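Everything below concerns the one structure shown next.
As the structure is a computational prediction, the values presented were derived from the model and not from experiment.
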Amino acid sequence: MPAVAIAPAVIATAASAAVTAAGAVYSGMQQKRAADYNAKMSEQNAKAIDVQTREAIRRQREQNRAILSAQRASALTSGVAETGSTLLVAMENARNLERNVTDIATQGNAQQYAALNQATLSKMQGRAYQTSGFLQGAGTLLSGAASSMSMGR
């Protein structure tokens with residue numbers, strides 16, 4: 001076969017490989033950008049959860065103080081002294097109310113950690129997508145070069 005007839009096929013094969021390789025690299029980069037965006041959103045979600053949890057704790061403690069104050073006022077207006085069993089009941093009520101605060105904190109922390117774990121996972125996926133895109137691109141270039149070389153013989 002004349003060298004002139006082979007040259008266009010070799011050029012077309014090499015160009016095809018280059019375009020396909022560039023597409024693979026671009027796709028990997030776009031997937032990484034999307035994963036980075038998801039990670040950023042998860043991190044912002046974790047911050048929002050932290051703020052919401054702190055506010056819920058503040059409101060619960062405020063409510064707890066109001067409940068305990070109302071119970072104390074009720075006992076005092078009834079003429080019951082704040083000693084003995086009355087004091088024990090008040091202390092138990094305070095402990096139970098504080099458990100609500102602990103439950104809110106535990107739930108908020110769990111949600112925050114889940115969001116941060118999702119952010120970490122998204123970042124890992126992004127790096128994997130980018131690496132995969134580069135490797136696919138390199139493989140395509142090498143395959144195209146090999147095909148071009150075999151056509152040139």
Side-chain angles (χ1 to χ4, degrees), residues 1-74 88-153:
M1 205 180 281
V4 176
I6 294 175
V10 171
I11 292 170
T13 301
S16 173
V19 169
T20 304
V25 170
Y26 180 76
S27 175
M29 291 170 54
Q30 289 303 102
Q31 288 176 317
K32 183 180 184 312
R33 283 188 188 132
D36 287 347
Y37 175 81
N38 289 339
K40 186 176 181 178
M41 292 299 102
S42 292
E43 288 168 347
Q44 288 179 356
N45 187 32
K47 288 177 185 176
I49 290 168
D50 181 51
V51 169
Q52 291 168 352
T53 299
R54 290 174 190 268
E55 178 60 17
I57 288 170
R58 185 197 65 74
R59 279 186 269 120
Q60 183 64 51
R61 285 200 167 126
E62 188 176 286
Q63 184 179 7
N64 291 355
R65 283 190 295 275
I67 291 169
L68 292 172
S69 292
Q71 288 175 348
R72 182 173 185 233
S74 176
L88 293 175
V89 168
M91 289 172 57
E92 182 63 24
N93 286 341
R95 271 193 297 273
N96 288 337
L97 290 171
E98 189 59 25
R99 276 191 208 116
N100 293 338
V101 171
T102 303
D103 292 345
I104 292 169
T106 300
Q107 182 181 15
N109 287 337
Q111 290 174 348
Q112 186 178 12
Y113 289 133
L116 291 173
N117 287 338
Q118 182 59 49
T120 299
L121 178 62
S122 291
K123 289 176 185 178
M124 290 171 55
Q125 287 173 334
R127 287 189 296 270
Y129 290 140
Q130 186 175 36
T131 300
S132 175
F134 288 145
L135 292 175
Q136 285 177 347
T140 299
L141 280 177
L142 292 173
S143 176
S147 293
S148 295
M149 289 174 63
S150 70
M151 293 175 112
R153 289 183 183 177

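Pairing each heavy atom of Gln136 with each of Ala24, the nearest pair is CB-CB, 3.8 Å. Shortest non-hydrogen contact noted between Gly137 and Val25 is CA-CG2, 4.2 Å. Across Ile49 and Ala115, no two heavy atoms sit closer than the pair CD1-CB, 4.4 Å. Closest heavy-atom contact between Thr140 and Ala21: CG2-N, 3.7 Å. Contact detail for Ser122 and Asn38: the closest heavy-atom pair is OG-CB, 3.8 Å. What you find for Thr53 and Gly108 is that their closest heavy atoms are OG1-CA, 3.2 Å.
The distance from the CD atom of Glu43 to the OG1 atom of Thr120 is 7.5 Å, given to the nearest 0.5 Å. With rounding to the nearest 0.5 angstrom, the CG atom of Asn93 is 9.0 Å from the CD1 atom of Ile67. Between atom NZ of residue Lys123 and atom NZ of residue Lys32 there is a gap of 9.5 Å, rounded to the nearest 0.5 Å. Atom CD in Gln63 sits 10.5 Å away from atom CG in Leu68 (nearest 0.5 Å). Distance check: Ser42 OG to Lys47 NZ gives 12.0 Å after rounding to the nearest 0.5 Å. With rounding to the nearest 0.5 Å, the separation of CG in Leu97 from OG1 in Thr102 is 11.0 Å.
Taking the charged nitrogens against the carboxylate oxygens, Arg59 and Glu62 have no contact shorter than 4.0 Å, which rules out a salt bridge. A salt bridge does not link Asp36 to Lys40: none of the charged nitrogens lies less than 4.0 Å from a carboxylate oxygen. For Glu92 and Arg95, the salt-bridge test passes: some basic side-chain N is under 4.0 Å from an acidic carboxylate O.
Dense packing is recorded around CZ of Arg58, with more than 12 heavy atoms of other residues, nucleotides or ligands lying under 6.0 Å away. For Met41, the CE atom sits in a packed shell: over 12 heavy atoms of surrounding residues, nucleotides or ligands are nearer than 6.0 Å.
Checking side-chain atoms of Asp50 against main-chain N and O of Ala46 turns up no donor-acceptor pair under 3.5 Å.
Note on residues 9-31: pairs passing side-chain hydrogen bond (donor to acceptor under 3.5 Å, both in side chains), not counting sequence neighbours, are Gln30-Arg33.
Using modelled atom types and a 3.5 Å distance limit, the side chains of Arg99 and Asn96 yield a donor-acceptor pair.
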>> Applying side-chain hydrogen bond (donor to acceptor under 3.5 Å, both in side chains) to Asn64 and Gln60, what does each step give before you reach the verdict?
In response: CA-CA 6 Å; Asn64 291 355; Gln60 183 64 51; 2.8 Å; yes
